[in-house]
Amino acid sequence: MLDSFNSPSRKTGKLSVSDSNIPQLSNTEEDMTGIRTNAPKRQRAAGKQSAEFAELKQMINTLMTTQNRRLDLLEEHIKEVKSVTTTMNSTSQEIELGMNNMSEQLKSLELKIDSIELDKKTLVNNIISLEEKIDTIERLSLKTSIEIRNVPKNSQENKEVLYNMIYNLMLSLKIDYNKSDIRDVQRTYNSKEKKYLSIIVEFQSSLLVASMMNSVKKFNKENTVRLNSGHLGISGINNQTGLIYISECLTSKSKKLFYITREFAKKYNYAFCWSSGGRIYLRKDTGSPYILVKNEARLEELKNENPKK
């Protein structure tokens with residue numbers, strides 16, 4: 001029985017394939033054949049993956065290089081910006097310091113300007129005060145004098161001729177006088193126009209001036225023939241007489257103010273405008289009070305009170 005189960009192979013020490021093992025062996029061969037068949041495919045796939053990986057790696061390296069270059073440039077730009085910012089901050093500080101200095105200088109200038117303006121106002125007030133004092137002194141020196149205008153000049157005119165004119169005038173006005181009452185007589189001369197102007201008569205007292213002025217007003221009011229050069233004992237061209245005008249002597253300032261006041265009286269319908277004692281007066285009509293005009297500012301006030309109609 002034992003011999004019947006022993007195979008020749010067991011005797012020779014080699015394996016034998018039984019019928020029952022044939023299908024298993026066949027399958028194993030097919031598997032090995034399949035492995036040998038799929039290996040090149042896997043190798044090709046692996047090579048392709050390796051190539052793709054290398055290409056991807058190259059792309060990543062290129063991208064990294066590019067990004068690094070950009071980062072370097074960005075870093076340089078940031079450094080430049082920081083440098084510019086630092087410079088700007090420094091410049092801003094310098095500008096701020098300069099502005100502060102300018103502000104201080106402006107404040108100093110403003111103080112100086114205020115001081116100058118104050119000095120100017122003080123100076124102007126002092127000048128006005130001095131002008132008023134000079135005008136007062138000049139007015140006092142002229143209070144004993146009268147001015148005769150529009151008197152024709154004689155080619156042989158001298159002091160004696162001028163004195164005789166005044167004597168004839170006083171006789172025409174019926175004023176009692178002595179030769180000693182007249183201190184001086186002279187004709188004024190305008191160097192710019194190069195011609196002789198009015199005659200200035202200086203009396204010994206202001207009472208004679210007041211008497212003269214009252215007599216002149218009375219004469220012109222009571223006589224149809226107003227005072228003219230004939231009353232001085234002289235005649236004009238072709239023996240023609242011309243009207244003469246007698247008034248108080250005024251200072252330069254008062255003359256200008258008197259002229260402006262007369263024009264103002266005409267424009268704003270004031271009936272009377274005259275000077276007395278070197279001062280200028282206005283009166284609206286016969287029953288209204290007189291107005292003392294000290295300066296042009298007073299005329300401006302009157303202009304606002306009485307607008308032109």
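Atom CG of residue Asp176 and atom CG of residue Asp181 lie 9.5 Å apart, to the nearest 0.5 angstrom. Annotation: the span from Asn125 atom CG to Lys120 atom NZ amounts to 12.0 Å, rounded to 0.5 Å. Taking OG of Ser198 as the reference point, atom CD of Gln186 lies at 9.5 Å (rounded to 0.5 Å). Once rounded to the nearest 0.5 Å, the distance linking CD1 of Ile148 with CG of Leu197 reads 14.0 Å. With values rounded to the nearest 0.5 angstrom, Asp184 atom CG is found 10.5 Å from Ile200 atom CD1. Ser247 OG to Glu147 CD: the interatomic distance, rounded to the nearest 0.5 Å, is 5.0 Å.
Glu202 and Ser145 share no donor-acceptor pair across their side chains, judged by distance under 3.5 Å alone.
Under the 4.5 Å side-chain criterion, counting only non-hydrogen atoms from C-beta, Ile246 is in contact with Leu169. With a 4.5 Å cut-off on side-chain heavy atoms, Ile146 and Cys249 do not count as touching. In this structure, Lys256 and Ser252 have side chains that are not in contact, with every pair of non-hydrogen atoms separated by 4.5 Å or more. When side chains are defined from C-beta on, Lys179 does not count as touching Tyr163, because their heavy atoms never get closer than 4.5 Å. Looking at heavy atoms from C-beta onward, Tyr177 lies out of side-chain contact with Leu208 at the 4.5 angstrom threshold.
Residues Leu227 and Tyr245 fall into different hydrophobic clusters, defined by Ile, Leu, Val, Met, Phe, Trp and Tyr side chains chained together at heavy-atom separations under 4.5 Å. Under the 4.5 Å side-chain heavy-atom criterion for Ile, Leu, Val, Met, Phe, Trp and Tyr, Leu142 and Val293 are members of distinct hydrophobic clusters. Hydrophobic clustering, with ILVMFWY side chains joined whenever heavy atoms are under 4.5 angstrom apart, groups Leu171 together with Leu232.
Within 6.0 Å of the NZ atom in Lys159, the count of heavy atoms belonging to other residues, nucleotides or ligands exceeds 12. Atom CZ of Arg149 is surrounded by more than 12 heavy atoms from other residues, nucleotides or ligands within 6.0 Å. Under a cut-off of 6.0 angstrom, the local environment of NZ in Lys143 is sparse, with at most 12 non-hydrogen atoms contributed by other residues, nucleotides or ligands. Heavy atoms of other residues, nucleotides or ligands lying less than 6.0 angstrom from CG of Asn89 number more than 12.
Among residues two or more places apart in sequence or in another chain, the side chain to side chain donor-acceptor pair (under 3.5 Å) test is passed with Ser92 by none. Glu300 is linked by a side chain to side chain donor-acceptor pair (under 3.5 Å) to Lys303, counting only residues two or more places apart in sequence or in another chain. Taking the side chain to side chain donor-acceptor pair (under 3.5 Å) definition, one finds that Gln204 meets it with Arg183, sequence neighbours left out.
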Can you give the donor-acceptor pairs under 3.5 Å from side chains of residues 54-74 to other protein atoms, not counting sequence neighbours?
from: Asn61; atom 1: ND2; to: Lys57; atom 2: O; distance (Å): 3.2
from: Thr62; atom 1: OG1; to: Gln58; atom 2: O; distance (Å): 2.8
from: Thr65; atom 1: OG1; to: Asn61; atom 2: O; distance (Å): 2.7
from: Thr66; atom 1: OG1; to: Thr62; atom 2: O; distance (Å): 2.8
from: Asn68; atom 1: ND2; to: Met64; atom 2: O; distance (Å): 3.1

Return all side-chain donor-acceptor pairs below 3.5 angstrom for residues 259-266, not counting sequence neighbours, or 'none' if the list is empty.
from: Thr261; atom 1: OG1; to: Leu257; atom 2: O; distance (Å): 2.6

Counting only pairs under 3.5 Å, give me each side-chain donor-acceptor contact of residues 273-281, with atom names and distances, residues two or more places apart or in other chains.
none

Item to check | Chi angles and distances behind the side-chain contact (heavy atoms from CB on, under 4.5 Å) call for Asp135, Ser254 | outcome: CA-CA 8 Å; Asp135 188 69; Ser254 296; 4.0 Å; yes
Item to check | From CA spacing to verdict: side-chain contact (heavy atoms from CB on, under 4.5 Å), Ile182, Phe203 | outcome: CA-CA 5 Å; Ile182 301 175; Phe203 294 99; 4.1 Å; yes
Checklist entry - Run the side-chain contact (heavy atoms from CB on, under 4.5 Å) check on Ile291 and Tyr270 step by step: do they pass? => result CA-CA 11 Å; Ile291 301 170; Tyr270 281 79; 4.0 Å; yes
Item to check | side-chain contact (heavy atoms from CB on, under 4.5 Å) between Glu104 and Asn100, worked out | outcome: CA-CA 6 Å; Glu104 293 297 327; Asn100 291 334; 5.6 Å; no
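For Met165 against Val151, the heavy-atom pair with the smallest separation is SD-CG1, 4.3 Å. Here the closest non-hydrogen pair linking Arg187 and Leu162 is N-CD1, 4.1 Å. In this structure, Ala271 and Asp285 approach most closely via the heavy-atom pair CB-CA, 4.0 Å. Here the closest heavy-atom approach between residue Val161 and residue Gln156 is recorded as CG2-O, 4.0 Å. Of all non-hydrogen atoms in Pro152 and Ile234, the two that sit nearest each other are O-CD1, 3.7 Å.
With respect to Phe219, the side chain to side chain contact (heavy atoms under 4.5 Å, CB included) criterion is satisfied by exactly one of Lys174, His231, Arg226: His231.
Between the side chain of Ser229 and the main chain of Gly242, a donor-acceptor pair closer than 3.5 Å is present. Looking only at distances, a side-chain donor or acceptor of Ser172 sits under 3.5 Å from a matching main-chain atom of Asn168. Using a distance-only test at 3.5 Å, with no hydrogens or angles considered, no donor-acceptor pair links the side chain of Ser115 to the main chain of Leu111. In terms of modelled atom types and a separation under 3.5 Å, the side chain of Asn223 and the main chain of Val225 share no donor-acceptor contact. Side chain of Ser90 to main chain of Thr86: no donor-acceptor pair is present (N/O by atom type, distance under 3.5 Å, no hydrogens or angles).
Under the 4.0 Å criterion applied to side-chain N and carboxylate O atoms, Arg298 and Glu301 are assigned as salt-bridge partners. A salt bridge does not link Glu131 to Lys253: none of the charged side-chain nitrogens sits closer than 4.0 Å to a carboxylate oxygen.
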